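Beneath this line is the structure, given in structure tokens, with notes to follow.
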Amino acid sequence: MQTQVGIIGGGPSGLCLARLLSLSGIKSVILERQTREYVEARIRAGILEQGMIDLMRRAKVSERMDREGLVHDGIVLTFNGREERIDMKKLTGGHQVMVYGQTELTKDLYDAVLKDDNITVIFEARDVHPKDFLEGRPQLDFIKDGRQIALDCDFIAGCDGYHGASRASVPRGMITEYERIYPFGWLGLLSDTPPVHEELIYANHKRGFALCSQRSHTRSRYYLQVGLDEKVEDWSDERFWEELKKRLPGHIADKLVTGPSLEKSIAPLRSFVTEPMRFGNMFLVGDAAHIVPPTGAKGLNLAASDMYYLSTALIAHYTEGRDDLLDRYSETALRRVWAAVRFSWWFTSIMHKFNDDPIEHKIQLAELDYLMGSTAGQTTIAENYVGLPFDPSFK
Ligand code: APR
Ligand code: PHB
């Protein structure tokens, strides 16, 4: 079997990359370990920055997103009984974000990819093993329906998430990994109830952080900071709603509409970066190369710049015979990665409870008070929240 670009992983990074390449006539094969149903059922964050919105449009998969996505101009921070709005649109000269679930975005991408003649998707591809990418003859070995298959390709794109095979196949001496694990997780609840507020609410509270998010006017997504030893089974819906109300200012808690959960799960929080993001003819993209804590919803939006840079570089290779962009991929992608890692870490650190020492909370409240009282302070949150720009010189 043979193709131009062998893509490991059929999450948003692999799917969108394949579409961007296809529109320039470049062929790819996507090897996905799971079934389509499994991938599409995963619940992930739901905020798109302009960069990701633009990529969906460029990949010609934006019709439903443009129809159903909810555009937001601001976010709300609550702390010490206060409710403060950050007017992102005003502070950033017109930038906004869009509420559109990653679950929906993944469905839209599969609908397009499975109809695309330049793209082959192999589901339930087991034991994927990238080989010889350092020697310039990349090959992907895998097992499908019990048969061993070898896929020859010019390039490998490792879009297989944090637990994937691409990063794991790099010789240890060639890679540096930076990691921080946070001493808490997020318990998420999805429900068919109207959102408590039009915009997202990020709540700092002495009992711990809470987030009020949404998927539509009738579907809400809420999160609570919980200890790493907490189990979902111990959180009945009633317990979740009671705790959420305690962490919101009274006038907001009074408006909360509760209902049965459609899904509840706990996710750990981590910052993680791999350097470099290129190993010979293999390139890492998205969660395979970096993870950020979800405060600020940067995960997918960070994968977006990787997809943009790598697709641009591969298109330059195939259509113009230029490799200078492939050579700049890792350095250029990592610059935006570290900027988002910094913001996600910082926003996490001012909004969460790290320990029982009361001075910690007092200092957070002083910082939030300062930020809200300063246009510069609010602007720094707004600029990072709407998303830092892609490097305009990368073309
Ligand atoms: N072989 C084949 N496929 C694999 C393998 C493997 N060894 N390991 C993982 N995969 C598949 C997973 O099943 C998954 O569908 O790779 C895909 C990776 O998808 P994601 O984890 O969603 O990662 P990515 O596509 O980079 O998406 C960007 O940013 O923070 C996040 O939540 C955000 O998931 C989003 C991500
Ligand atoms: C979500 O809607 O799931 C969400 C929104 C914002 C975040 C994280 C998650 O910062």
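One is the number of the first residue; the rest follow in order along the sequence. Keep in mind that this is a model prediction, so the values were computed, not measured.
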Qualifying residue, where the test is side-chain hydrogen bond (donor to acceptor under 3.5 Å, both in side chains) with Asn204 and the options are Gln225, Glu367, His361 |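 The side-chain hydrogen bond (donor to acceptor under 3.5 Å, both in side chains) with Asn204 is passed solely by His361 among Gln225, Glu367, His361.
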Option from Gln96, His95, Lys90 for which side-chain hydrogen bond (donor to acceptor under 3.5 Å, both in side chains) with Asp73 holds |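 One option only clears the test, and that one is Gln96.
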Flag if over 12 foreign heavy atoms under 6.0 Å of [atom1], [X]:
| X | atom1 | value |
| --- | --- | --- |
| Tyr38 | OH | no |
| Lys353 | NZ | yes |
| Glu360 | CD | yes |
| Asp357 | CG | yes |
| Arg328 | CZ | yes |
| Asp254 | CG | yes |
| Glu331 | CD | no |
| Arg342 | CZ | yes |

Can Arg221 and Glu263 be said to form a salt bridge (Lys or Arg N to Asp or Glu O under 4.0 Å), step by step?
-> CA-CA 9 Å; Arg221 179 76 168 157; Glu263 193 261 3; 2.8 Å; yes
N/O donor-acceptor pair under 3.5 Å between [X] side chain and [Y] backbone:
| X | Y | answer |
| --- | --- | --- |
| Arg19 | Ala59 | yes |
| Ser13 | Ala303 | no |
| Thr103 | Arg42 | yes |
| His197 | Ile252 | no |
| Arg247 | Ala203 | no |
| Ser374 | Tyr370 | no |
| Tyr222 | Ser191 | no |

Could you tell me which non-hydrogen atom of [X] sits nearest to which non-hydrogen atom of [Y], and how far apart they are?
| X | Y | value |
| --- | --- | --- |
| Ala339 | Leu388 | CB-CD1, 3.5 Å |
| Val386 | Glu383 | CG2-O, 3.5 Å |
| Ala125 | Phe142 | CB-CD1, 3.9 Å |
| Lys395 | Thr312 | CA-CG2, 4.5 Å |

Lys/Arg N to Asp/Glu carboxylate O, [X] vs [Y], below 4.0 Å:
| X | Y | answer |
| --- | --- | --- |
| Arg85 | Asp87 | yes |
| Glu68 | Arg215 | no |
| Arg57 | Asp66 | yes |
| Arg67 | Glu63 | yes |
| Arg239 | Glu242 | no |
| Arg172 | Glu177 | yes |
| Arg82 | Glu84 | yes |

For Glu199 and Ile75, what are the C-alpha separation, side-chain angles and deciding distance, and is it a side-chain contact (heavy atoms from CB on, under 4.5 Å)?
-> CA-CA 6 Å; Glu199 296 179 335; Ile75 53 169; 5.7 Å; no
Do the side chains of [X] and [Y] join up, straight or via other hydrophobic residues, at under 4.5 Å, putting them in one cluster?
| X | Y | result |
| --- | --- | --- |
| Val121 | Leu109 | yes |
| Val257 | Val99 | no |
| Met98 | Met56 | yes |
| Ile175 | Met282 | yes |
| Met65 | Val113 | yes |

Is the NZ or CZ atom of Arg167 both under 6.0 Å from the centre of the six-membered ring of Tyr162 and within 45° of that ring's axis?
->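 Yes.
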Cationic tip of Lys298 within the cone over Tyr385's six-membered ring, i.e. under 6.0 Å and within 45° of the normal?
->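 Yes.
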Can you list the other members of the hydrophobic cluster that holds Ile359, where links are side-chain heavy atoms under 4.5 angstrom apart?
->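 Cluster partners of Ile359: Ile363.
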If you round to the nearest 0.5 Å, how far is CG of Asp391 from CZ of Arg335?
->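 Here the rounded value is 6.5 Å.
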Could you give me the CA-CA distance, side-chain angles and deciding distance for Asp237 and Lys264, then say whether salt bridge (Lys or Arg N to Asp or Glu O under 4.0 Å) is met?
-> CA-CA 9 Å; Asp237 291 355; Lys264 248 186 317 209; 2.4 Å; yes
Whether the [X] and [Y] side chains hold a donor-acceptor pair (N or O, under 3.5 Å, no angle test) is what I'd like checked.
| X | Y | result |
| --- | --- | --- |
| Tyr308 | Asp54 | no |
| His163 | Asp287 | no |
| Lys131 | Gln139 | yes |
| Ser22 | Asp116 | yes |
| His290 | Asp306 | yes |

Does the gap between the ring centers of [X] and [Y] come in under 6.0 Å?
| X | Y | answer |
| --- | --- | --- |
| Tyr110 | Phe123 | yes |
| Tyr182 | His352 | no |
| Phe347 | Tyr202 | yes |
| Phe184 | Phe354 | yes |

Does any non-hydrogen side-chain atom of [Y] lie less than 4.5 Å from one of [X]?
| X | Y | result |
| --- | --- | --- |
| Thr295 | Ser344 | no |
| Ser265 | Ile43 | no |
| Phe394 | Ser305 | no |
| Leu248 | Lys255 | no |
| Ile86 | Met372 | yes |
| Asp192 | Leu262 | yes |
| Phe155 | Ile26 | no |
| Val5 | Leu21 | yes |

Taking only residues two or more places apart in sequence or in another chain, which ones pass side-chain hydrogen bond (donor to acceptor under 3.5 Å, both in side chains) with Ser349?
->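 Checked Ser349 against side-chain hydrogen bond (donor to acceptor under 3.5 Å, both in side chains); zero matches.
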Measure up the Phe240 and Trp235 rings against each other and bin them: parallel (under 30°), tilted (30 to 60°), perpendicular (over 60°).
->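 Rings of Phe240 and Trp235: perpendicular, over 60°.
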Looking at Tyr309, Phe283, Phe279, which hits ring-ring contact (aromatic ring centres under 6.0 Å, His included) with Tyr329?
->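 Running ring-ring contact (aromatic ring centres under 6.0 Å, His included) over Tyr309, Phe283, Phe279 with Tyr329 returns exactly one hit, Phe283.
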